[in-house]
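Written below as structure tokens is the structure these notes are about.
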Amino acid sequence: MDLQPPRGTVDLLPPEGGRMWALYQRAATWAHRFGYRYAETPAFEHTELFRRSSGESSDVVRKEMYTFEDRAERSLTLRPEATAAIVRAYLQRRHGLPVPLKVFTVEPMWRYGRPQSGRLREFRQFDAEIVGEGGPGADVEVVALGEAFLREAIDGPLELQINSIGDEQCRPAYRAELIECLRANRERLRDEHRDHFEDNPLRVLDCKDDACRAVAAEAPKIVDRLCEPCATHFSEVRQGLGAEGIEYVLVPTLVRGLDYYTRTTFEWVSGRLARGQDSVGGGGRYDGLAEVIGGPATPAVGFAIGLERVRLLAPETAEAAPMADVERPDAFVVGIGEGTLATTAAVARTLRAAGLGVDRSFEARPLGAQMRAADRSGARFAVIIGEREAAAGTVTWRRLSDGEQHEGPVEAAAAAIGAGREEGPA
RNA sequence: GUGGCCGUAGCUCAAUCGGUUAGAGCACCAGGUUGUGGUCCUGGGGGUUGGGGGUUCAAGUCCCCUCGGCCACCCCA
């Protein structure tokens, strides 16, 4: 039996599991601070949903989907991204939901491709969406949420790039103009673009090849061709970001891989990762998506942040720590002597009822061994019960960081240990 | 999916020309320790040398296949 997990998947055992869990909590904390509520959608959907939403010419649909048939011969696909499913769910049950609907989710996604570090076949995303609001304030808020999370979760440089790719009013004309330009410079493009740029001309713009970049630099820019409403929207988004104190770089060649984007597109880029995987997250507005999958016109905007990539950029101090703060117990209960198992269990029960995270040994082991276990558990306090305490009806609590200890009733221990917990992460 | 590089304990590495029972440090576990953890001492568990096949008296070492990882491309998270 091969014990390796399937290619492109990973096991998250301690301490890695705790670090990912800490990231989930951090995402939830920030989403809550911005008024986003938690949502989940199925891990798989009808294949049709993604074909229509992402677009037939997108790479996701063309070669990255995990598609399978179930026993009733329905074609299903493991979700490659979160947005389409959230919009589908919203459309099906929109009556009674708040407007706009602000939701976030932290779930795995699946895309078939060759794995690399920070690029897995099963990967996790923090995703936030505002459905039903078309104003620029929504774009700004969604970016602000992602920005707040990222600035706290990662170390080092992070660049927010933004662009507007227009809408169905202005993009067709721009698209035609761009095709003209590309046709005129056809010989300079690299092979794979030379014959296919008419399918998705915007794609050529973010090609990394030097020759293509040179052509892209000379080509007309979509931001100069926006219709009046799109131009106004974009300018208000930029003003709003400025007012939030969020720095960004305008990147006229920033287009995104999925067809459903309109107007604002953005991406967070790290300078620290390998070039092919330096995008930490991205998103944009997708006002046309709801109609594409059969609903009424519904403006919406959102982002997806890749948590594996965030982990690669985590501060080294956090990586070096033996465990994440979120999984450290508050106290480890230690009993001295053979007959103390029942006593430590009772003390643990009391401390847990008081809201503390408590661990203990399953067996009556030597005191030194239990203290060692307490230390290794990461607990902040050891709570010790021996003959003396049992007779007096007290416990001894010892702060493991400096060895300071006191003896008193278990309620006093609970209060003292609980009081020291405030400096932990939010 | 295309191209390249690389696989020896959990991690970092060692093992002479193809030669006997694959070693070390760190990490992990236990004991020292029925009144105190981290340091220290002693001991222990861990390997199908990624897997399979071939060559050979003999393979961690040479050859083939395969699986996996990394890098670039594609593209994105």
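Just so we're on the same page: letters track the sequence lines, and every chain starts at 1.
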**Item:** Sugar-phosphate, base or nothing in reach of A:L307, heavy atoms under 4.0 Å
**Value:** nothing

**Fill in**
Taking B:C76, B:C67, B:G37 as options, the one with an atom nearest any side-chain atom of A:S279 is B:C76

**Item:** Distance in Å, A:I162 CD1 paired with A:L254 CG, rounded so as to fall on 0.5 Å steps
**Value:** 9.0 Å

**A:I385 CD1 - B:U36 P separation (whole Å)** = 16 Å

**Request:** For A:Q370, report the nucleic acid contact type (base, sugar-phosphate, nothing); a contact means any heavy atom under 4.0 Å.
**Result:** nothing

**More than 12 heavy atoms of other groups within 6.0 Å of A:E218 CD** = yes

**Message:** Please report the distance separating the P of B:U49 from the corresponding atom of B:U61, rounded so that it comes out in whole Å.
**Reply:** 10 Å

**Request:** Give a yes/no on whether any side-chain N or O of A:Q116 is located under 4.0 angstrom from OP1 or OP2 of B:G69.
**Result:** no

**Prompt:** Given Watson-Crick or G-U pairs with both distances under 3.5 Å, what dot-bracket string fits RNA chain B, with | for other-strand pairs and [ ] for crossing?
**Reply:** (((((((..((((.....[...)))).(((((.......))))).....(((((..]....))))))))))))....

**Asked** Does A:E267 or A:P5 map to a spot on RNA chain B nearer the 5' end, using the closest nucleotide for each?
**Response** A:P5

**Prompt:** Looking at the side chain of A:R7, which of B:A77, B:G68, B:C74 is the nearest nucleotide?
**Reply:** B:G68

**Message:** We want to know whether A:Y90 and A:Q92 form a side-chain donor-acceptor pair, criterion being a heavy-atom distance below 3.5 angstrom.
**Reply:** no

**Request:** Please check if atom NE2 in A:H32 has more than 12 non-hydrogen atoms from other residues, nucleotides or ligands closer than 6.0 Å.
**Result:** no

**Pairwise P distance for B:A24 and B:A14, with rounding to whole Å** = 16 Å

**Prompt:** Which part of the nucleic acid, if any, lies within reach of A:G8 when heavy atoms closer than 4.0 Å are counted: base, sugar-phosphate only, or nothing?
**Reply:** sugar-phosphate

**Fill in**
Rounded to whole Å, the CG-P distance (A:L254 to B:C75) equals 14 Å

**Message:** Between B:U8 and B:G68, how far apart are the two C1' atoms, rounded to whole Å?
**Reply:** 15 Å

**Message:** Using whole Å, what does the distance between atom P of nucleotide B:G68 and atom CG of A:L120 come to?
**Reply:** 13 Å

**Rounded P spacing from B:A9 to B:U48 in Å** = 8 Å

**Asked** When rounded to the nearest Å, what value does the distance between C1' atoms of B:G47 and B:G54 take?
**Response** 23 Å

**P gap between B:C71 and B:A15, integer Å** = 27 Å

**Distance below 4.0 Å between A:R365 side-chain N/O and B:G31 OP1 or OP2** = yes

**Asked** Can you say whether the rings of A:F303 and A:W268 are parallel (under 30°), tilted (30 to 60°) or perpendicular (over 60°)?
**Response** perpendicular

**Spacing between A:E308 atom CD and B:C76 atom C1', to the nearest angstrom** = 13 Å

**Asked** A:F34 vs A:W30 aromatic rings, parallel, tilted or perpendicular, using cut-offs 30° and 60°?
**Response** tilted

**Item:** Touch class at under 4.0 angstrom, heavy-atom based, for A:T396 against every strand present
**Value:** base

**Prompt:** To the nearest Å, how far apart are A:L12 CG and B:G10 C1'?
**Reply:** 16 Å

**Request:** Looking at every strand, decide which applies to A:G281 at a 4.0 Å heavy-atom threshold: base, sugar-phosphate, or nothing.
**Result:** sugar-phosphate

**Message:** For A:R256 and A:T265, which I'm curious about, is there any donor-acceptor pair between the side chains at under 3.5 Å?
**Reply:** no

**Message:** Using the P atom as the point on both nucleotides, what is the distance between B:G37 and B:G31, in whole Å?
**Reply:** 13 Å

**Prompt:** A:R114 side chain: which of B:A77, B:U2, B:G35 is closest?
**Reply:** B:U2

**Message:** Between A:Y112 and A:R121, is there a side-chain heavy-atom distance shorter than 4.5 Å?
**Reply:** yes

**Prompt:** Distance check: side-chain N/O of A:R372 vs OP1/OP2 of B:G31, anything under 4.0 Å?
**Reply:** yes

**Request:** For A:V60, answer base if it contacts any base atom (sugar-phosphate contacts may also be present), sugar-phosphate if it contacts only those atoms, and nothing otherwise; contact means non-hydrogen atoms under 4.0 Å.
**Result:** nothing

**Request:** Among the candidates B:G31, B:U34, B:G38, find the nucleotide nearest to the side-chain atoms of A:R398.
**Result:** B:G38

**Request:** Please confirm whether A:R238 makes a cation-pi placement over A:F234, using NZ or CZ under 6.0 Å from the six-membered ring centre and within 45° of the ring normal.
**Result:** yes

**Message:** Considering every strand and a 4.0 Å limit on heavy-atom distances, what is the contact class for A:S401: base, sugar-phosphate, or nothing?
**Reply:** base

**Fill in**
Taken to the nearest whole Å, CH2/A:W110 to C1'/B:A77 is 14 Å

**Prompt:** At under 4.0 Å between heavy atoms, what does A:R124 touch on the DNA or RNA strands: base, sugar-phosphate, or nothing?
**Reply:** nothing

**Message:** Looking at every non-hydrogen atom in both residues, tell me the closest pair between A:Q370 and A:S361 and how far apart they are.
**Reply:** CG-OG, 3.8 Å

**Request:** Tell me what A:E81 touches on the nucleic acid: a base, only sugar-phosphate, or nothing, going by heavy atoms under 4.0 Å.
**Result:** nothing

**Distance, P atom - from B:G50 to B:G45, rounded to whole angstrom** = 23 Å

**Message:** Within the 4.0 Å heavy-atom criterion, would you say A:E407 contacts the bases, only the backbone, or no part of the nucleic acid?
**Reply:** nothing

**Fill in**
Whole-Å distance, A:E363 CD to B:A30 C1', equals 12 Å

**Item:** Most 5' of A:G282 and A:P6 on RNA chain B, judged by nearest nucleotide
**Value:** A:P6

**Prompt:** Has A:S117 got a side-chain N or O lying under 4.0 Å from the OP1 or OP2 atom of B:C71?
**Reply:** yes

**Message:** Taking only side-chain N and O atoms of A:Q125, does any of them lie within less than 4.0 angstrom of OP1 or OP2 on B:A77?
**Reply:** no

**Residue A:P366, side-chain heavy atoms: nucleotide from B:G32, B:A77, B:G35 that is nearest** = B:G32

**Asked** Of the nucleotides B:U36, B:U34, B:G1, which one has an atom closest to the side chain of A:E338?
**Response** B:U34

**Request:** Name the nucleic acid region contacted by A:F332, choosing base, sugar-phosphate or nothing; use a 4.0 angstrom heavy-atom cut-off, strictly under.
**Result:** nothing

**Asked** Which nucleotide in the list B:A77, B:G37, B:U36 gets nearest to the side chain of A:D375?
**Response** B:G37

**Complete:** Side-chain contact check for A:I384: nearest option of B:G35, B:C75, B:G31 is B:G35

**Item:** A:R119 side chain near B:C75 phosphate (N/O to OP1/OP2, under 4.0 Å)
**Value:** no

**Message:** Can you see whether A:E45 engages A:T77 through a side-chain donor-acceptor pair at a distance of less than 3.5 angstrom?
**Reply:** no

**Asked** For the pair made of CZ in A:R62 and C1' in B:C74, what is the distance, rounded to whole Å?
**Response** 9 Å

